[in-house]
Amino acid sequence: TSHDGGYSHDAIVYALTECGVRHIDTAKRYGCEEKLGKAIRESGIPRSDLWLTNKLWPGDYGYKAAKKACLDSCSQMGVEYFDLYLMHWPESLQPGCSNRDMRAETWRALEELYKEGVCRAIGVSNFLVHHLEQLKEDCSVVPHVNQVEYHPFQQPNHLIEYCLQEEIVFEGYSPLAKGQVLSDPTVLQIAEKYRCTPAQICIRWSIQNGVVTIPKSIKKKRIQENCQV
């Protein structure tokens with residue numbers, strides 16, 4: 001789910017019940033936690049079969065605020081834990097504190113949530129190498145995941161190499177560059193050659209590069225296509 005393109009209850013239920021999707025990525029920022037929880041319950045898929053990722057918005061950074069926001073998100077979705085919980089951005093929206101100090105303070109809250117089992121894994125999103133280096137110096141748990149935009153037009157190879165070296169899973173969002181790659185002549189040529197859609201080519205390319213890939217659509221046909229990669 002995301003705040004771009006809207007939310008579709010039917011699409012979520014369809015993806016879970018008809019396409020075998022088990023990985024759901026959302027964020028407080030997207031404003032659909034409660035609705036998403038209802039869709040999951042309606043699907044009848046056991047919680048233990050799902051991988052739920054949620055994200056902490058910078059407006060909730062800080063030790064106490066972060067812990068409260070995570071527990072509130074669990075409550076909104078009707079779940080007891082998240083499989084993965086991410087700091088959404090490296091920049092803070094809180095005044096009076098440096099971004100580095102605020103990241104470290106927030107990360108300490110996530111470390112506690114991890115040790116308490118509320119978050120089975122913790123990570124970050126949109127962090128660059130210097131952000132990760134600072135966090136490593138300031139805290140004790142290295143992020144398990146770094147979720148970053150990744151597609152043929154945006155390939156942060158230095159960041160990927162760093163994550164590999166530090167054993168941080170690199171996860172890529174927007175594998176279709178918000179639709180821009182779908183009309184790219186090279187992608188269209190490859191899609192025709194392999195008798196696939198341009199979207200399928202880009203998702204496959206991302207997966208073959210070793211990136212955990214999270215495509216997004218609210219259209220049933222597209223969801224089905226994405227799952228056939």
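Throughout, numbering of the chain's residues begins at 1 and tracks the sequence. Both backbone and side-chain heavy atoms feed into the values below; hydrogens, waters and symmetry mates do not.
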Residues Arg103, Phe127; criterion side chain to side chain contact (heavy atoms under 4.5 Å, CB included); working and verdict: CA-CA 11 Å; Arg103 283 193 295 270; Phe127 274 45; 3.6 Å; yes
Taking the side chain as every heavy atom from C-beta outward, state whether [X] and [Y] have any atom pair closer than 4.5 Å.
X: Leu50; Y: Leu16; answer: yes
X: Cys119; Y: Leu110; answer: no
X: His131; Y: Leu128; answer: yes
X: Cys163; Y: Leu132; answer: yes
X: Ile12; Y: Tyr7; answer: yes
X: Asp72; Y: Asp60; answer: no
X: Pro198; Y: Val181; answer: no
X: Pro215; Y: Pro175; answer: yes

Would [X] and [Y] show up in the same hydrophobic cluster when neighbours are defined by side-chain heavy atoms closer than 4.5 Å?
X: Val124; Y: Ile160; answer: yes
X: Val141; Y: Leu84; answer: no
X: Met102; Y: Leu86; answer: no
X: Phe82; Y: Leu36; answer: yes
X: Val148; Y: Leu135; answer: yes

List the atom of [X], the atom of [Y], and the distance in Å for their closest heavy-atom pair.
X: Lys220; Y: Tyr14; answer: O-CE2, 3.5 Å
X: His88; Y: Pro58; answer: CB-CD, 4.2 Å
X: Cys196; Y: Ile201; answer: CB-CD1, 4.1 Å
X: Pro156; Y: Tyr150; answer: CD-CD1, 3.8 Å
X: Gly123; Y: Pro143; answer: CA-CB, 4.1 Å
X: Leu176; Y: Cys202; answer: CD2-CB, 3.8 Å

Verify the neighbour count for atom [atom1] of [X]: are there more than 12 heavy atoms of other residues, nucleotides or ligands below 6.0 Å?
X: Tyr194; atom1: OH; result: no
X: Gln189; atom1: CD; result: no
X: Glu192; atom1: CD; result: no
X: Gln208; atom1: CD; result: yes

Please lay out, stage by stage, how Leu71 and Lys68 fare under the test side chain to side chain contact (heavy atoms under 4.5 Å, CB included). CA-CA 5 Å; Leu71 296 173; Lys68 182 180 184 301; 6.0 Å; no
Ignoring hydrogens and geometry, is there a side-chain-to-backbone donor-acceptor pair from [X] to [Y] under 3.5 Å?
X: Ser125; Y: Gln147; result: yes
X: Asn209; Y: Val211; result: no
X: Glu42; Y: Val13; result: no

Walk me through whether Asp138 and Arg108 qualify under salt bridge (Lys or Arg N to Asp or Glu O under 4.0 Å). CA-CA 9 Å; Asp138 297 339; Arg108 281 192 285 274; over 6 Å; no
Please walk me through it: do Arg100 and Glu137 pass salt bridge (Lys or Arg N to Asp or Glu O under 4.0 Å)? CA-CA 11 Å; Arg100 177 172 183 167; Glu137 290 172 13; 2.8 Å; yes
Might you work through the side-chain hydrogen bond (donor to acceptor under 3.5 Å, both in side chains) test for Tyr61 and Glu105, ending with a clear yes or no? CA-CA 8 Å; Tyr61 283 5; Glu105 184 185 326; over 6 Å; no
Check the pair Tyr173 / Lys216 against side chain to side chain contact (heavy atoms under 4.5 Å, CB included), numbers first and verdict last. CA-CA 9 Å; Tyr173 68 82; Lys216 183 245 174 193; over 6 Å; no
Paired with His144, the ring pair (Phe, Tyr, Trp, His ring centres under 6.0 Å) test is passed by just one of Tyr114, Tyr85, Phe170, namely Tyr114
Supply the atom-to-atom distance [X] [atom1] to [Y] [atom2], rounded to the nearest 0.5 angstrom.
X: Met77; Y: Leu52; atom1: CE; atom2: CG; value: 5.0 Å
X: Ser217; Y: Ile223; atom1: OG; atom2: CD1; value: 5.0 Å
X: Met87; Y: Ser92; atom1: CE; atom2: OG; value: 8.0 Å
X: Ile40; Y: Ile24; atom1: CD1; atom2: CD1; value: 4.0 Å
X: Lys55; Y: Lys28; atom1: NZ; atom2: NZ; value: 14.0 Å
X: His151; Y: Ser174; atom1: NE2; atom2: OG; value: 6.5 Å

Verdict with reasoning, Glu112 to Lys115, per salt bridge (Lys or Arg N to Asp or Glu O under 4.0 Å): CA-CA 5 Å; Glu112 284 197 14; Lys115 287 167 187 169; over 6 Å; no
Would Asp83 and Arg47 count as a salt bridge (Lys or Arg N to Asp or Glu O under 4.0 Å) here? Give the steps. CA-CA 10 Å; Asp83 297 280; Arg47 171 67 185 92; 2.9 Å; yes
Using side chain to side chain contact (heavy atoms under 4.5 Å, CB included), reason through Trp205 and Val187 one step at a time and then give a plain yes or no. CA-CA 10 Å; Trp205 171 84; Val187 173; over 6 Å; no
Can you see whether Tyr81 has Arg120 sitting over its ring - NZ or CZ less than 6.0 Å from the centre and within 45° of the normal? yes
For the residue pair Gln200 / Arg204, report whether a side-chain donor-acceptor contact shorter than 3.5 Å exists. no
